[in-house]
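For reference, the structure is listed below as structure tokens.
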Amino acid sequence: MYTNKNGIKIYDDPADFEGMRKAGKVAAECLDYITDYVQVGITTGELDDLCLKFMESKGAISACLGYHGYPKATCISINQVICHGIPDYERKLADGDILNIDVTAIVDGYYGDTSRMYFAGKPKIKGKRLCEVTYECMMRGIDVVKPGAHFGDIGAVIEEYAHKYGYSVVDMFCGHGLGKVFHDNPNVMHCGRKGTGPIMEEGMFFTIEPMINLGKKDGVILSNGWTAVTCDHAWSAQFEHSMGVTKDGVEVFTYSPKGLDKPPYK
Ligand code: MF3
Ligand code: CO
Ligand code: CO
């Protein structure tokens, strides 16, 4: 592994790809595992406990627990919460809620970071459509990844697709390099212009994790110091995959082994 002239790590050992596959798989399996537990009436704290136990059963460590003082093993973000919702034992899921569960597993020192949207009970049409469009935004971003592409190309395709539906793209958080660290260069913006930003090279590892809002893009951090909610209280959705740039394209490390990449899951 070395750092290129733009300050981005290049993982040039095949063992690094192997390490990321393992970590990504545990994170994805955790999201698969939690799927059946996402039901009306369960608390986010209970879901978090289940995810932590699952990761530990696989010999993995939650990267979130204790990260800059973060108190839980996962982030669970409901409805108008953009990201970094802190699981608790008060908030029970209600019929029609949409929620993001974001897990990062550390396996043998490698970080696998992924999140999906889930529905509690029967989703309202507006929640369902927002999740569909957000998933498509992430996948369109992934589709542009290959050596020689610019990081700005990702944001450009995401923004174009989200705006077509009248949705907005959050710009206060971004995707990130990862690998043997959780958050690294580059910042992977979910808005931007084609042909701008650093150039992708084989061996770069990063996430794409667009947050898409039904209303305005702006958010505010709650007094817990973590949780971001939309200023206008309109709903927000997010999906996240971890990936690596290959010789001629991209390898996604966090696909669902069970094919549960996007809702509905049954
Ligand atoms: N998993 C989040 C991400 O996608 C980061 C969560 S950090 C935490 O980058 F401390 F809030 F858990
Ligand atoms: Co991430
Ligand atoms: Co994440």
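All residue numbers refer to positions in the sequence shown, counting from 1. Read the numbers this way: they start at 1 and go in the same order the structure lists the ligands and their atoms. Note: hydrogens, waters and symmetry copies are ignored here, and every other heavy atom, side chains too, is used.
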Looking only at N/O atoms, are [X] and ligand 1 under 3.5 Å apart anywhere?
| X | answer |
| --- | --- |
| D102 | yes |
| H84 | no |
| E209 | yes |
| W226 | no |

Report the nearest protein non-hydrogen atom to atom 3 (C) of ligand 1: residue, atom name, distance rounded to 0.1 Å. D113 OD2, 3.4 Å
Cationic N near anionic O, under 4.0 Å, E56 to K53: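 Salt bridge absent between E56 and K53.
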Does K124 pair with D97 as a salt bridge, N-O distance under 4.0 Å? no
Partner of L93 by side-chain contact (heavy atoms from CB on, under 4.5 Å), out of I76, T43, I78: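 With L93 as partner, I76, T43, I78 yield a single side-chain contact (heavy atoms from CB on, under 4.5 Å), made by I78.
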Tell me which one of P71, S77, C64 satisfies side-chain contact (heavy atoms from CB on, under 4.5 Å) with I86.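 When side-chain contact (heavy atoms from CB on, under 4.5 Å) is applied between I86 and each of P71, S77, C64, only P71 qualifies.
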Could you check F17 against F205 for ring-ring contact (aromatic ring centres under 6.0 Å, His included), going step by step and ending with a plain yes or no? CA-CA 9 Å; F17 274 84; F205 297 158; 5.0 Å; yes
Does Y167 share a hydrophobic cluster with I154, counting links as ILVMFWY side-chain heavy atoms below 4.5 Å and allowing steps through other members? yes
Applying ring-ring contact (aromatic ring centres under 6.0 Å, His included), run through H183 and Y111 and close with a yes or a no. CA-CA 9 Å; H183 292 113; Y111 287 70; 8.5 Å; no
If hydrogens are left out, which of F182, Y111, Y70 has an atom nearest to atom 5 (C) of ligand 1, that is, the closest non-hydrogen atom?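 The nearest heavy atom belongs to F182.
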With a heavy-atom distance limit of 4.0 Å, tell me whether H68 approaches ligand 1 through its side chain, its backbone, both, or neither. neither
Would you say that more than 12 heavy atoms from the other residues, nucleotides or ligands in this model lie under 6.0 Å from the CE of M117, or not?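 Yes, enclosed.
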Near the Co ion (ligand 2), meaning under 2.8 Å, the protein N/O/S atoms are D113 OD2, H176 NE2, E209 OE2, E240 OE2
